[in-house]
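All chains are named by letter (A, B, ...) in the order of the sequence lines, taking the proteins before the strands, and each is independently numbered beginning at 1.
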Amino acid sequence: MLISIKDLHAKVEGSPILNGINLEIKPGEIHAIMGPNGSGKSTLAKVIAGHPDYEVTEGNIEYSINGALSDVAELEASERACEGIFLGFQYPIEIPGVTNITFMQEAFNALCEHQGADTMNEDSFRTFIKTKLPLLEMHEDFLDRAVNEGFSGGEKKKNEILQMLILNPRLALLDETDSGLDIDALKTVAKGVNTLKSKHNGIVLVTHYQRLLDYIEPDFVHVLFDGKIIKTGDKSLALELEEKGYDWLTEGLQ
Amino acid sequence: MAINETQYSIDKLDPSVLPQRGNESWKYTRLDHLLENQYHSVQLATNINTLSLSDENYYLVNINEEGLEHNLPSSVEIDSLQNNKFENTPFNNDIATHLTQANNKMGYQFSVVKNSSLDKPIMIKYDFKNKLAYINLHNEFIVNSGSKLEVFEDFSSSVNVFVNYMAKPTVESNANFNHVIIQDTKYGSLFLHSYDGKVLSNGTLDSMVINLGAKLSRSNVYINLADENASCSAHGLYALHRDQHHDTSSYIHHSMPHTYSFQLYKGIMDDESHGVFTGKVRVEKDAQLITAEQLNKNLLLSNKAKVNSRPQLEIYADDVKCAHGSTTGQMSEDELFYFESRGIKKEKARGILARAFAYDVVLKQKNLTMRSEIINHLIQKNIVRA
């Protein structure tokens with residue numbers, strides 16, 4: 001088991017958003033989380049990543065560290081990241097004054113230090129990162145621009161995937177990575193995600209649209225509503241949702 | 001204005017002459033520190049000696065209690081000065097000026113001959129070693145027409161001192177002066193700095209003042225754009241921690257039409273430090289078609305740090321382009337979480353973001369040797385990491 005979430009309740013600024021989530025992910029699995037706006041999808045991803053604004057009020061998250069499931073409640077976001085949890089942001093943050101390569105090198109070296117491995121200097125890191133750029137159809141210029149500053153929507157999302165490939169996480173939480181992408185950028189991003197997929201990693205795709213799942217095939221599709229998973233199925237559930245919407249599932253629940 | 005000089009004598013300073021709260025230009029800064037410490041006035045020696053040492057990156061000038069030594073080329077003339085005064089600046093009536101008048105003073109004039117340019121910048125290093133010395137120093141820089149000069153002035157001290165430094169650059173027509181002053185004296189020091197710049201037609205003055213070390217520092221920066229097509233940049237950075245206090249008072253004077261000024265002042269305040277910025281731009285009635293930009297940005301790293309920022313425009317002409325702004329804030333939580341979500345610890349992320357904030361000013365320095373000198377100071381102060 002990679003991660004086991006039990007009866008998870010969480011709130012932000014006093015408002016409850018998650019109301020009892022149960023979810024288990026094994027290595028090698030891809031899970032899609034769908035649901036109407038405001039159902040708690042992004043919150044779930046942020047709570048797993050350890051965003052400080054979200055308070056877990058009940059339940060717990062256990063994550064596999066050194067082969068055993070451990071409660072992550074006491075781990076800071078940076079520690080969770082070093083243990084291999086990656087959050088791809090719905091709205092990647094712009095950081096003026098910090099270049100993309102510096103940002104990624106700091107992240108990569110933080111991971112190396114955590115694992116007791118040698119860190120990389122800028123030259124060798126640049127050589128390493130350049131090998132990842134063609135896959136995402138990114139130009140080397142991206143490395144020397146300020147993080148996400150002046151990037152188009154598609155460039156920002158590709159930049160998230162680039163970071164994911166550099167950090168090679170065991171659990172990737174991709175929060176609406178497909179939103180705002182044209183079809184070519186969507187295919188490129190999907191190619192990046194499929195490159196990460198292996199029998200060792202779990203991937204969680206938070207998405208509104210079935211479209212992404214044409215390119216990244218999920219093993220499970222969960223429907224989140226009002227902070228709970230109300231239905232789980234295979235990829236055919238996503239097609240069904242595309243056709244029928246959510247009303248048939250949520251009627252009588254509100 | 002005539003003053004009673006004995007009241008301003010540093011050895012028996014009269015407390016009543018210190019700026020009071022009612023004094024607008026010193027509203028946020030107290031000089032009581034002056035009374036708490038027994039500073040003694042030191043007369044700098046007037047020797048001008050040749051320095052045999054050379055440096056690949058700079059011409060060198062060392063100034064300390066024993067005088068001056070240098071390895072400048074013949075295109076730069078040096079004279080000692082004893083009676084330089086502010087002529088007609090808005091800071092005439094300032095405590096710094098009065099202290100200058102009333103105590104032992106010493107200084108040098110650096111003059112670059114016409115139509116010459118040096119192949120490398122001049123590094124002026126001040127290193128004062130007398131504990132609790134009051135150093136009353138004024139230097140003039142005359143950049144004659146058609147010349148280019150780059151000067152990096154580095155104030156450091158291994159003991160607590162009180163430095164009152166007046167720099168008076170005159171940039172003649174078609175001349176160019178790139179001037180950095182960095183104040184990195186020992187914590188516990190007091191540093192008053194006045195700047196009386198004058199730029200003539202087609203001249204450019206690029207001034208950058210970095211305040212780091214002293215417990216209490218004040219920069220009075222006055223630049224007069226005194227003829228058409230004169231331009232200046234006046235940038236500054238103050239990075240404070242513990243209980244440090246810094247106050248910049250800037251005054252850019254557009255006396256003539258077609259003059260241009262650009263100012264970026266940034267402050268980083270940690271712990272219980274306090275930054276003050278007052279930036280005045282005055283545009284005279286006939287000074288049409290000028291451009292004046294002023295921006296002050298402050299970053300507070302702790303809940304106890306504070307800043308007072310006062311942009312002031314006085315515009316008497318009617319066809320001008322003036323922009324000014326001031327922002328003060330804490331580090332963005334969203335930015336910090338972005339770093340953390342990538343495995344970078346919060347403290348490290350804060351360091352990287354503070355560096356990025358400071359670099360905005362540092363990158364305005366176009367001379368890469370001088371830029372890396374500034375960065376080295378910031379690294380030593382732990383404001384940025386290597």
Report which part of Thr102(A) has an atom under 4.5 Å of a heavy atom belonging to chain B: side chain, backbone, both, or neither. side chain
When you compare the side chain of Val147(A) with that of Glu335(B), does any pair of heavy atoms fall below 4.5 Å? no
Considering only heavy atoms, give the residues of residues 154-171 of chain A separated from chain B by less than 4.5 Å, sorted numerically, with 'none' for an empty result. Glu160(A), Gln163(A), Leu167(A)
Should the ring pair Phe89(A) and Phe337(B) be called parallel, tilted or perpendicular, given that the plane angle runs from 0 to 90° and is split at 30 and 60? tilted
Step through the shown structure and confirm whether more than 12 heavy atoms of other residues, nucleotides or ligands are within 6.0 Å of CG on Asp71(A). yes
Heavy-atom closest pair, residues Ala107(A) and Ile344(B): N-CD1, 3.6 Å
Take atom CG in Asn66(A); do more than 12 heavy atoms of anything else shown fall under 6.0 Å from it? no
Any donor and acceptor pair, going by atom type alone, linking the side chain of Arg342(B) with main-chain N or O of Phe108(A) inside 3.5 Å? no
In this structure, are over 12 heavy atoms from other groups packed under 6.0 Å from Lys120(B) atom NZ? yes
If we ignore angles and hydrogens, is there a donor and acceptor under 3.5 Å between the side chains of Asp334(B) and Tyr91(A)? no
Flag the pair Ser341(B) / Phe86(A) as yes when at least one side-chain heavy-atom distance between them is below 4.5 Å, and no otherwise. no
Parallel, tilted or perpendicular: ring planes of Phe103(A) versus Phe339(B), cut at 30 and 60 degrees: perpendicular
Is it true that atom CG of Asn121(A) has more than 12 heavy atoms of other residues, nucleotides or ligands lying nearer than 6.0 Å? yes
The interface call for Glu94(A) against chain B, heavy-atom contacts under 4.5 Å, is backbone
Does atom NZ (Lys148(B)) have a neighbourhood of more than 12 heavy atoms from anything else shown, all under 6.0 Å? no
Step by step, work out the salt bridge (Lys or Arg N to Asp or Glu O under 4.0 Å) result for Lys346(B) and Glu76(A). CA-CA 9 Å; Lys346(B) 198 168 200 161; Glu76(A) 304 265 337; over 6 Å; no
What heavy-atom pair brings Ala356(B) and Pro96(A) nearest, and what distance separates the two atoms? CB-O, 3.7 Å
Minimum-distance pair of heavy atoms, taken over all atoms of Ala110(A) and Gly343(B): CB-O, 3.3 Å
Around atom NZ of Lys191(A), are there more than 12 heavy atoms of other residues, nucleotides or ligands at under 6.0 Å? yes
